[in-house]
Protein chains: 2
Amino acid sequence: MKLNEGIEWAIHCCSILASLPEDAALPARRLAEFFDLPEHYLAKHLQALSQAGLVNSAKGPGGGYRLSRPAANITVLDIVLAIDGTEPHFQCTEIRRKGPSGVDPACYSKPCGIARAMWRAEKAWRDELASISLKEITDIGMQETPSLQIEKSMEWFGNVLK
Amino acid sequence: MKLNEGIEWAIHCCSILASLPEDAALPARRLAEFFDLPEHYLAKHLQALSQAGLVNSAKGPGGGYRLSRPAANITVLDIVLAIDGTEPHFQCTEIRRKGPSGVDPACYSKPCGIARAMWRAEKAWRDELASISLKEITDIGMQETPSLQIEKSMEWFGNVLK
DNA sequence: ATAATAACGGATATATAATATCCGTAAATA
DNA sequence: TATTTACGGATATTATATATCCGTTATTAT
């Protein structure tokens with residue numbers, strides 16, 4: 001199993017949006033350019049972020065995407081769920097009820113113990129992701145990004161944001 | 001993203017093997033019958049368990065699969081990794097280095113902070129799965145399985161184990 | 001010996017999901 | 001009015017998961 005690559009893209013894009021001036025927006029085309037990603041497919045993911053309410057979108061010239069709220073109030077989990085959906089990764093197909101020994105579904109009071117174990121692990125995963133804010137991500141990015149890249153990024157932003 | 005359905009199958013199968021008499025083994029065909037699963041495909045997963053060293057296999061009549069060690073010494077994580085592989089779910093494609101602002105790969109001392117965050121969450125998931133032993137799974141199964149099903153299972157085992 | 005059982009590995013087919021592109025529409029700006 | 005941009009739907013392509021089949025080998029029972 002592999003996680004949707006769009007998750008990586010979306011977190012990086014949100015991190016960029018977080019470091020933009022308050023009133024600035026970036027269109028999908030520019031974000032795709034910045035990371036050298038397929039423009040139209042990235043646009044789909046950005047629309048998912050928009051539908052999840054994480055970013056606001058504006059049409060027309062000067063439009064594009066910006067964060068809908070402060071980066072400190074957006075978690076990595078928010079972004080992951082926006083892209084990957086909220087369905088649990090582990091899907092219980094109730095095979096305990098199948099076969100020659102299975103009995104009537106009504107006889108089972110609780111969800112299968114195996115499913116509960118898998119869901120508990122998934123909760124631990126989500127809890128960890130929920131504990132990380134987009135602000136922390138961008139702060140770490142600022143600290144660890146090579147200074148040359150920071151400079152080049154600033155110049156690119158300068159050119160792009162009119 | 002959806003987890004491999006074989007994970008569910010494998011944990012259930014291991015749980016059944018754990019509740020078998022010490023010297024008994026079950027062939028893939030019987031396990032598939034017990035859970036009404038596709039025989040040949042289940043066999044692939046059982047072979048993966050065998051390669052991971054979780055079960056021992058024996059060819060020929062009376063052969064089949066049995067646990068290689070006590071259920072208390074097998075974790076749910078062991079089974080999950082045997083089926084799903086040990087690769088992390090989140091694959092970092094280093095998009096931070098791409099595009100007009102990217103700089104030479106050698107400039108980056110650490111893995112990307114976003115990847116580290118995703119991997120930390122994955123570790124939380126694995127830690128939780130590693131904290132659950134197969135014995136706990138089977139104990140919970142014994143407690144929560146309807147008594148009628150327990151009876152039917154016992155009868156089925158009796159017929160199958162010679 | 002022979003026949004039957006069963007794991008194993010490789011090859012292949014099918015179904016589903018991820019990846020990617022394209023198009024028409026609507027909205028906003030200049 | 002022309003341009004830019006988001007948005008939704010349709011479609012194509014690729015990768016992965018699901019599933020089957022076959023030949024080989026090992027083991028057991030007759």
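Labels below follow one simple rule: chain letters A, B, ... track the order of the sequence lines, proteins then strands, and each chain is numbered from 1.
- Using a 4.0 Å cut-off between charged side-chain N and carboxylate O, K123(B) and E128(B) make no salt bridge.
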Per-nucleotide protein contact along nucleotides 25-30 of chain C, 5' to 3', at a 4.0 Å heavy-atom cut-off (B base, S sugar-phosphate only, - neither), is --BBB-
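- In this structure, Q47(A) atom CD and dA20(C) atom P are separated by 16 Å, rounded to whole Å.
- The two residues A117(B) and I137(A) have their closest heavy-atom pair at CB-CD1, 4.0 Å.
- A donor-acceptor pair is defined here as one N or O able to donate and one able to accept, closer than 3.5 Å; such a pair exists between the side chain of W119(B) and the backbone of F90(B).
- When each of A28(A) and K2(A) is assigned the nucleotide of DNA chain D with its nearest heavy atom, A28(A) is the one assigned upstream, toward the 5' end.
- With respect to E33(A) and R30(A), a salt bridge is recorded, a charged nitrogen being found less than 4.0 Å from a carboxylate O.
- Applying the side-chain hydrogen bond (donor to acceptor under 3.5 Å, both in side chains) test to pairs two or more places apart or on separate chains, those with a residue in residues 62-72 of chain B are R69(B)-D78(B).
- Using a 4.0 Å cut-off between a side-chain N of Lys or Arg and a carboxylate O of Asp or Glu, E94(A) and R96(A) qualify as a salt bridge.
- At the phosphate of dA7(C), neither OP1 nor OP2 sits under 4.0 Å from any side-chain N or O atom of S50(B).
- If you measure from atom CG of D84(A) to atom P of dA17(C), you get 13 Å, rounded to the nearest angstrom.
- Along DNA chain D, the stretch of nucleotides lying under 4.0 Å from any heavy atom of chain A spans, 5' to 3', dT3(D) to dA17(D).
- Side chains of Q149(B) and Y108(A): a donor on one and an acceptor on the other come within 3.5 Å.
- For DNA chain C, the neighbouring residues in residues 3-27 of chain B, judged by any heavy atom under 4.0 Å, are P27(B).
- Salt bridge status for K44(B) with E39(B): absent, with no side-chain N to carboxylate O gap under 4.0 Å.
- Contacts between residues 29-44 of chain A and DNA chain C, defined by a heavy-atom separation under 4.0 Å, are made by P38(A), H40(A), Y41(A), K44(A).
- Panel note: side chain E122(A), backbone H89(A); a donor-acceptor pair is recorded below 3.5 Å.
- Listed for the S50(B) side chain is no donor-acceptor partner under 3.5 Å among the backbone atoms of L46(B).
- The main-chain N or O of G102(A) is found under 3.5 Å from a side-chain atom of K152(B) such that the two form a donor-acceptor pair.
- Residue K135(B) places its NZ atom among 12 or fewer non-hydrogen atoms of other residues, nucleotides or ligands, all under 6.0 Å distant.
- Atom CG in L49(B) sits about 13 Å away from atom C1' in dA7(C), given to the nearest Å.
- Remark: H45(A) pairs with W9(A), Y41(A) by the ring pair (Phe, Tyr, Trp, His ring centres under 6.0 Å) rule, at least two apart or across chains.
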